[in-house]
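Here the structure is a predicted model, which is why all the values come from computation and not from measurement.
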Amino acid sequence: MLALFQGAVTPVEGASEALGVTPAQDRWAREAAVGVFGEHTRVAQVQLRPATPDEPVVIDVTTDEGFLNLSWAARKILAVDSFDRQDDGGTLSSAQAKAAGERVANRWFAEEVKDSEVTWDPLGGGNGPYSLSYRRYHHGVLMPMRLDITVTSSGRIMAITVRSMKDPDLPKPVLDRKEVQRRAEDLTKLKVMGEPFLLAERVKGVWRPLWLVNVGENGEAREAPRIDAVTGEQVQPDPVMDQALPSDS
């Protein structure tokens, strides 16, 4: 699990620092910062976080706009967090703000964008900020890759969260929605609430297509069992990693 860098360092005026990074790493980190936050961005610090037994090398970048966490080995942005967490009352239309988010997605997350379904939703119910989300499906099964970009009404990137993972090879689901609803109610003795959906998760280290079913009683959800879409067995998925690189399979 990669621990994301939190904002303990406040950018200050003066020369920027490069701590533990090579010139190539420093140049690429600055390019990523400008690519996300814009040409006006001033980088205050680029710092290498050495690899540990549980985490690869991470480069933490502090700018006057916010923070970035980068994977040097994969040349990937792992996370972005802006200091300003409010919409800035920009004048861009919804379509223009979406285009700003898509430019960042296409430049820095080409593998995640490819063959993905895109959703674009206002987060505050009005004119920004917006959520630009990418998800991929095979045979109706939600793949483990996730990409979410928050964009303001001025086109500013407020946040990026990503889980970069290859699509796993899965057996084709056998149980349909009606069958899994009956199965869930038999197993839990509770009533299905809402529509079950398919997603890929690891079970004992092996990727499986699972139905996630919300069940409850008296209008309140009580459990969310996972049921294997091939065997019909109720299973417990492995813990989900916060970050995973494209080499993961």
ask   = With a cut-off of under 6.0 Å to the ring centre and 45° to the axis, is R75 in cation-pi contact with W72?
value = yes

Heavy-atom check, side chain of [X] versus side chain of [Y], under 4.5 Å:
X    : Y    : answer
V230 : R208 : yes
L19  : V46  : no
R146 : V162 : no
R135 : M145 : no
T150 : L123 : yes
Q234 : R226 : no
V141 : L170 : yes
Y137 : M143 : no

Donor-acceptor contact present, side-chain [X] to main-chain [Y], <3.5 Å:
X    : Y    : value
T22  : Q25  : yes
D238 : G205 : yes
E185 : R182 : no
D81  : F67  : no
D64  : R42  : yes
Q96  : S93  : yes
W211 : Q181 : no

Flag yes if [X] and [Y] sit in one hydrophobic cluster, no otherwise; membership is Ile, Leu, Val, Met, Phe, Trp, Tyr, and two members link when side-chain heavy atoms are under 4.5 Å apart.
X    : Y    : value
L198 : V215 : yes
V61  : M158 : no
V203 : I227 : no
V213 : V235 : no

ask   = So does D169 have more than 12 non-hydrogen atoms from other groups sitting under 6.0 Å from CG?
value = no

inquiry  = Tell me whether the count of non-hydrogen atoms from other residues, nucleotides or ligands lying under 6.0 Å of CD in Q86 goes above 12.
reply    = no

So how far is it from [X] [atom1] to [Y] [atom2], rounded to the nearest 0.5 Å?
X    : Y    : atom1 : atom2 : result
I157 : F37  : CD1   : CZ    : 9.0 Å
R103 : I149 : CZ    : CD1   : 11.5 Å
L187 : E233 : CG    : CD    : 10.0 Å
D87  : Y130 : CG    : OH    : 7.5 Å
E102 : F109 : CD    : CZ    : 14.0 Å
E111 : L147 : CD    : CG    : 12.0 Å

request  = Inspect the contact between K191 and E217 and indicate whether a charged nitrogen and a carboxylate oxygen are less than 4.0 angstrom apart.
outcome  = no

Modelled atom types, side-chain donor and acceptor of [X] and [Y], under 3.5 Å:
X    : Y    : result
W120 : S131 : no
R156 : S82  : yes
N127 : S153 : no

Derivation and outcome, salt bridge (charged side-chain N to carboxylate O under 4.0 Å, His left out), residues K114 and E112 = CA-CA 6 Å; K114 184 179 179 181; E112 290 75 18; over 6 Å; no

For the student: nearest non-hydrogen atoms of [X] and [Y], plus distance:
X    : Y    : value
T63  : A33  : CG2-CB, 3.9 Å
V192 : A184 : CG2-CB, 4.3 Å
W207 : M165 : CZ2-CE, 3.5 Å
D115 : R136 : O-CG, 3.4 Å

query = Going through the distances and angles, do K189 and E223 end up as a salt bridge (charged side-chain N to carboxylate O under 4.0 Å, His left out)?
reply = CA-CA 11 Å; K189 311 306 179 186; E223 301 176 26; over 6 Å; no

